[in-house]
Amino acid sequence: MPYLDDLNPAQRAAVLALDGPVLMLAGAGTGKTKALTSRIVHLLATGKARPNEILAVTFTNKAAREMKERVARMLGQSVEGMPWMGTFHSISVKILRRHAELAGLKSNFTILDTDDQLRLLKQLIVAAGIDEKRWPARMLAGVIDSWKNRAWTPAKVPSSEASAYNNRGTELYEQYQERLRTLNACDFGDLLLHVVTLFQAHPDILAQYQRWLRYILVDEYQDTNVAQYLWLRLLAQGHRNICCVGDDDQSIYGWRGAEVGNILRFEKDFPGAEVVRLEQNYRSTEHILAAASGVIAANAGRLGKTLWTEAQGGEKVRLIGHWDGEEEARWIGDEIEALQRGTRGGQPVGLNDQAILVRASHQMRAFEDRFLTIGLPYRVIGGPRFYERLEIRDAMAYFRLAVSPDDDLAFERVVNTPKRGLGDKAQQDIQRTARVSGMSLLEGARELLAAGGIGGKGAGQLRAFVAGVDRWHAKTLQQGHSHIELAEQILEESGYTAMWQADKTPEAPGRLENLKELVKALEQFENLQGFLEHVALIMENETEDAVEKVSIMTLHAAKGLEFPAVFLPGWEDGLFPSQRSMDESGLKGLEEERRLAYVGITRAEHLCTISFAANRRVYGQWQSQLPSRFIDELPVAHVDVLTPPGLYGGAYGAAAPGGFGGGSRIEDRATKADVYNSPGWRRLQERSSQRPVSQPRESRSPVIDLAAVSSFTEGDRVFHQKFGYGSVAAIEGDKLDIAFDKAGVKKIVARFVVAAHEADDVPF
Ligand code: ATP
Ligand code: MG
């Protein structure tokens, strides 16, 4: 059995212990997934189980497919049918379709996506006479999801939750479930909830599944929520042949209701469980492993593990600070190419073997732009590429119309987006008029309006739209106009931005952020036309999938994966760790962010590069950034600090083609944005002048100084980059009311100001 030879003794023990409960609790890259897969092979090879008797839960459907392929490879034959291999959701759908009537559904029930779910909730909210503006449907959806994650049906929601959603949560939850039943539909949370409820209410059905599914295996067990936990426990109680693998340090879905306590409770639930610990990491070099271990050590309440690796030597984790996000993207693009060509020394690293892992998906834009410009093939995992996103395509259609009003495709795309009361009929009339007179759609619309061919509200709105396009187009012809202002004007006057502002779906804030990113992207071009050409060219140059590509994805999407070279950009406080997560969940949120950092670093096999920028444009404004507090937690001995490009005549700045990153350009932009005053920049300068840059561990308490947030007291003199000097008038959490000497009173997040005496030290 050759697959057993590839395992170390601890892994082999976990594979051979086929009967009874097994818990494999081990750090990243120790071969948990490998052992789990080998266990499946062993079950099949020894004839202990048939393919349809194995329930294997993986984190994504993609992981399930990969696992199936690996099993087939190890077995040396294709595996026909492993129907119970997939995610909790995909397996639940299967079960639920078979017993739909017991959940009050028909077997062809539909599964609602988030948009549908919110629309439905909105209707109920309106019918209940609640002001949806004050109590958004999104909030209710969040409440209901969290209840479903805990496997609470409306009847089971405890009275302690009665105040949820302005005291109306429970009542609306009940109505919502009723509506779903009438519609023969369920949402994602229901898939699990219904199955758990069904098993609890029908022991005979549960017993049947317990008989069938004789062996249960679960990967990434640390991220199961209560409903998933119950689901598993119910099924496993039959044969008790359950094998769960996980790593408490990689629990990153607390925000979705995952409870790391599930993994810790395993031995209680399944007494006599064999607990296997793996300590050898096979993925990463010693430096990478040490860096990850150093960061995660700052979390309290861990099980704690020691990991070691035979892969000694190798490059230290590289840390580099950049002037801004664009610079960071440029540098990473060049690094990737250098790695690919092998000009950095060492073996060439193919593009498939390189990945960029970001904290927030809006960070992807800068990379996509840069890579498109230099023709570096990339793929975005777990989401569309920036320029393929709906809102970006809509906005670009507006820009296209402004540049060439005859662009009919663009006209069609946006004439009724946002809604302008122009239904199919009106749009067909415009088409016909245009065709008959051989004109563009815009001209067709103008003619139709003049002839009174459009009725109702639509007429006025279409007239405004046509006038808008005329106005924008005229502006593109003016010498010296600002195309950035024009773009902002277009998005505003067309009502496009407002449309997303009014939208309460969970995607809307992300879309608005993307629109801001789009406007930001324009800065690198002389005018709209130049920008549109750039995008059009790259869209045409779409590379085949067989071509090697760099992967770009979020840290969340990277779980379980590995790459020889990994880039981790944007390590700045507020971005990573994410301010939102800290605001919402305090220290717990911060610890989850730190686990994300651990997940990120441990994806790397040979080369891991962490970077941050001193300045980022946030909501259209330059914001000075502080390097992430996680950077201070990296152990000095395993980190190499690189000199930022373009600084102090650094080699990179001089050698870079076209001299980008050169001193003059930095000066330019510094004047424009007055960013030399940024504390982030100053800290970066201090750091890059002393090596190694990381502070010694002792100098900083491992428990994070959340206190830094509120380190001001009333009356303190402070300095803000944009508003200048002022005094703290009031403090509310991390927000300060500041009476600025020149700009009046403003509410400012504390980390965006520095104590006045600190600002006084700035040599500018
Ligand atoms: P994560 O926590 O990130 O999910 P994991 O514990 O599931 O990691 P795997 O992905 O299974 O780890 O394994 C990490 C790498 O180590 C893989 O490339 C795998 O092939 C290799 N590996 C695992 N076990 C061994 C072993 N005994 N000998 C050699 N290589 C191994
Ligand atoms: Mg794994």
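Read the numbers this way: they start at 1 and go in the same order the structure lists the ligands and their atoms. Because the structure is a prediction, the values reported are computed rather than measured. For reference, positions follow the sequence shown, starting with 1.
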Within a radius of less than 6.0 Å around NZ of Lys588, do more than 12 heavy atoms belonging to other residues, nucleotides or ligands occur?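 No.
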Do Ala28 and ligand 1 have an N or O pair less than 3.5 Å apart?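 No.
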With heavy atoms of Arg603 as the reference, note each atom of ligand 1 found under 4.0 Å away. 3 (O)
Give the atom numbers and elements of ligand 1 that come within less than 4.0 Å of a heavy atom of Leu7. 27 (N)
Got the closest protein heavy atom to [atom], with its distance?
| atom | answer |
| --- | --- |
| atom 24 (N) of ligand 1 | Gln11 NE2, 3.0 Å |
| atom 12 (O) of ligand 1 | Gly31 N, 3.1 Å |
| atom 2 (O) of ligand 1 | Lys32 NZ, 2.6 Å |

Give me the ring orientation class for His322 and Trp331: parallel if the planes are under 30° apart, tilted from 30 to 60°, perpendicular past 60°.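 Tilted: the ring planes of His322 and Trp331 meet at 30° to 60°.
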According to the interplanar angle, ranging from 0 to 90°, do the rings of Phe59 and Tyr253 count as parallel (below 30°), tilted (30 to 60°) or perpendicular (above 60°)?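 Answer is tilted, since the angle falls between 30° and 60°.
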Quick one: are the ring centres of Phe367 and Tyr378 less than 6.0 Å apart?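 Not under 6.0 Å, so no.
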Please confirm whether the ring centroid of His239 lies under 6.0 Å from the ring centroid of Tyr215. no
Pick one of side chain, backbone, both or neither for how [X] approaches ligand 1, counting any non-hydrogen atom pair under 4.0 Å.
| X | answer |
| --- | --- |
| Gln250 | side chain |
| Thr33 | both |
| Lys559 | neither |

Is Asn8 near ligand 1, meaning one of its heavy atoms is under 4.0 Å from it?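 A heavy atom of Asn8 does come that close to ligand 1.
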Give a yes/no on ligand 1: does Asp6 have at least one heavy atom closer than 4.0 angstrom to it? yes
Judged on heavy-atom distance to [atom], which of [options] sits nearest?
| atom | options | value |
| --- | --- | --- |
| atom 4 (O) of ligand 1 | Pro9, Ala10, Gly560 | Gly560 |
| atom 18 (O) of ligand 1 | Glu605, Arg283, Glu562, Lys34 | Glu562 |
| atom 21 (C) of ligand 1 | Phe59, Tyr598, Tyr282 | Tyr282 |

Of Arg594, Arg302, Arg595, Lys559, the one forming a salt bridge (charged side-chain N to carboxylate O under 4.0 Å, His left out) with Asp249 is Arg302
Quickly, which of Glu572, Glu328, Arg318, Glu335 forms a side chain to side chain donor-acceptor pair (under 3.5 Å) with Ser611? Name it, please. Glu328
Knowing that exactly one of Ile40, Thr37, Leu75, Val41 qualifies, which makes a side chain to side chain contact (heavy atoms under 4.5 Å, CB included) with Arg70? Thr37
Any side-chain heavy atom of Leu234 within less than 4.5 Å of one from Tyr209? no
